[in-house]
Undergrad: 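First, the structure itself, so that you have it in front of you.
Remember, it's 1-based here, ligands and their atoms both numbered in the order they're listed. Quick caveat, the model's predicted, so the values are computed rather than measured.
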Amino acid sequence: MNMTELSVLNEHFGIDDQLTFSEGPGGLAVVEIVNSLAVATIALQGAHLLSWIPRGEQPVIWLSRDARFKAGQSIRGGVPVCWPWFGPHATHPSYPAHGFARSVPWQVCETKTIEDGATFVAFRVMQTDATNVFWPHTSELELGIKVGATLELDLITRNTGPESITIGDALHTYFAVSDVRHIAVDGLDGCTYIDKLDSDKRKQQSGPVTFNAETDRIYLDASADCLINDAGMQRRIRIGKRGSRSTVVWNPWLEKAERMGDMGENGYLNMVCVESTNAADDVVTIAPGDEHHLWVSYQLETLA
Ligand code: TA6
């Protein structure tokens, strides 16, 4: 995006020094949000939140030191938007994993200051000939982000066409942790999960999720809040959600992280993905004229 386009965005959507558009890493356009409650950075490509830091806290969202910032390529870390499918495409293996939404340009459609001091920004994906190859349906996709002491994201799929559509979607969030070997994720006890590392076998979770190896699980019919308990950072991250029936928990561990090449040295130790999702059995069918919201809230709690 060139300087003229950035200045037009700042003119139309900027909010003093609270919300500004600028050129970010790799030349990607970003929104910088600075308010009394938090600071955040969002790339316009993919409406990809890269960073959220509540005032007086450590970063809550993890971003790889070796993330690649290139047009059309997904960024390692932050909150990638997976849409209109999760994981590999069911019938076209050549289609991009996790859909195309995270690697295409999004348009800004609204910015405003909220009465509690938070800042709101909304983005919309524009359908193009390129996206129609992957998704030949008439629909709208919007993401609203509220940046405050709590972070809220609302991913809205609107079916504006004449036929039902079925989507898989996710907010594929990378959370920053002190050491993945010393955290526990509560909220999934008793849930059935698909173990992606064991021939998609279905297993049952007993107690909190802990990590001592590569972990890649799709928890089904999982609607409760999840809690990332991180004694090392003396905090708990509460993950609330609505409109998401699956929760994916993922850490690539050492070998896969090295193969991926953009996780940064030992980066896997300082992140965990807890992804509010609709995947596998939980994909969503939207009737003509209807819309579906996948909504999440993230907030910090102090570990006593
Ligand atoms: O959400 C877990 C997962 O599906 C893993 O299997 C792994 O592929 C991860 O997503 C990252 O996928 P990406 O396409 O961003 O490299």
Side-chain angles (χ1 to χ4, degrees), residues 26 28 43 45-50 61-90 92-104 134 153 155 167-177 180 183 185 187-188 191 193-203 205 209 211 213-220 222 226 228 239 241 244-264 267-283 294 296 298:
L28 295 180
Q45 175 176 281
H48 193 137
L49 186 133
L50 304 174
I61 303 296
W62 181 86
L63 184 68
S64 171
R65 286 187 299 272
D66 290 355
R68 301 182 188 108
F69 295 92
K70 284 188 186 158
Q73 280 197 18
S74 61
I75 299 165
R76 183 65 61 202
V79 184
V81 173
C82 302
W83 188 93
W85 61 83
F86 182 85
H89 189 277
H92 292 71
S94 65
Y95 284 11
H98 292 321
F100 56 84
R102 63 178 174 167
S103 51
V104 297
F134 301 125
L153 295 100
L155 184 67
I167 62 162
D169 57 358
L171 293 167
H172 189 300
T173 305
Y174 291 70
F175 291 97
V177 297
V180 71
I183 64 166
V185 176
L188 298 165
C191 289
Y193 66 88
I194 298 170
D195 187 339
K196 302 299 287 176
L197 303 174
D198 187 7
S199 311
D200 284 0
K201 282 184 189 145
R202 291 181 182 224
K203 303 174 180 177
Q205 180 63 37
V209 184
F211 304 83
E214 181 181 355
T215 305
D216 193 351
R217 303 174 181 178
I218 302 176
Y219 287 84
L220 300 171
C226 280
I228 302 173
I239 300 160
K241 65 173 189 172
S244 158
R245 290 182 295 186
S246 328
T247 293
V248 172
V249 176
W250 176 61
N251 185 286
W253 219 253
L254 176 61
E255 286 76 20
K256 175 152 186 180
E258 287 180 340
R259 290 198 303 273
M260 290 163 64
D262 60 356
M263 285 290 295
Y268 75 96
L269 288 174
N270 299 117
M271 52 70 65
V272 66
C273 279
V274 179
E275 307 158 32
S276 300
T277 304
N278 290 294
D281 309 10
D282 295 332
V283 294
L294 194 174
V296 296
Y298 304 143

Undergrad: Under 3.5 Å, side chain of Q45 to main-chain N/O of G72, donor-acceptor pair present?
TA: yes

Undergrad: What residues sit with at least one heavy atom under 4.0 Å from ligand 1?
TA: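 If the criterion is a heavy atom under 4.0 Å, then ligand 1 touches R76, F86, H98, R102, H172, D216, V248, W250, K256, E275.
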
Undergrad: Centroid separation under 6.0 Å, is that true for the rings of Y174 and H172?
TA: yes

Undergrad: Run the numbers on Y95 and F100 for ring pair (Phe, Tyr, Trp, His ring centres under 6.0 Å), then give the verdict.
TA: CA-CA 8 Å; Y95 284 11; F100 56 84; 9.2 Å; no

Undergrad: Using the rule given for salt bridge (charged side-chain N to carboxylate O under 4.0 Å, His left out), can you reason through R65 versus D262, listing the C-alpha separation, both sets of side-chain angles and the distance that settles it, and then say yes or no?
TA: CA-CA 8 Å; R65 286 187 299 272; D262 60 356; over 6 Å; no

Undergrad: Looking at every heavy atom in both A170 and F86, which two are closest together, and how far apart are they?
TA: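 Closest approach of A170 to F86: CB-CD1, 3.6 Å.
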
Undergrad: Can you see which heavy atom on T247 is nearest to which on K241, and at what distance?
TA: OG1-NZ, 2.7 Å

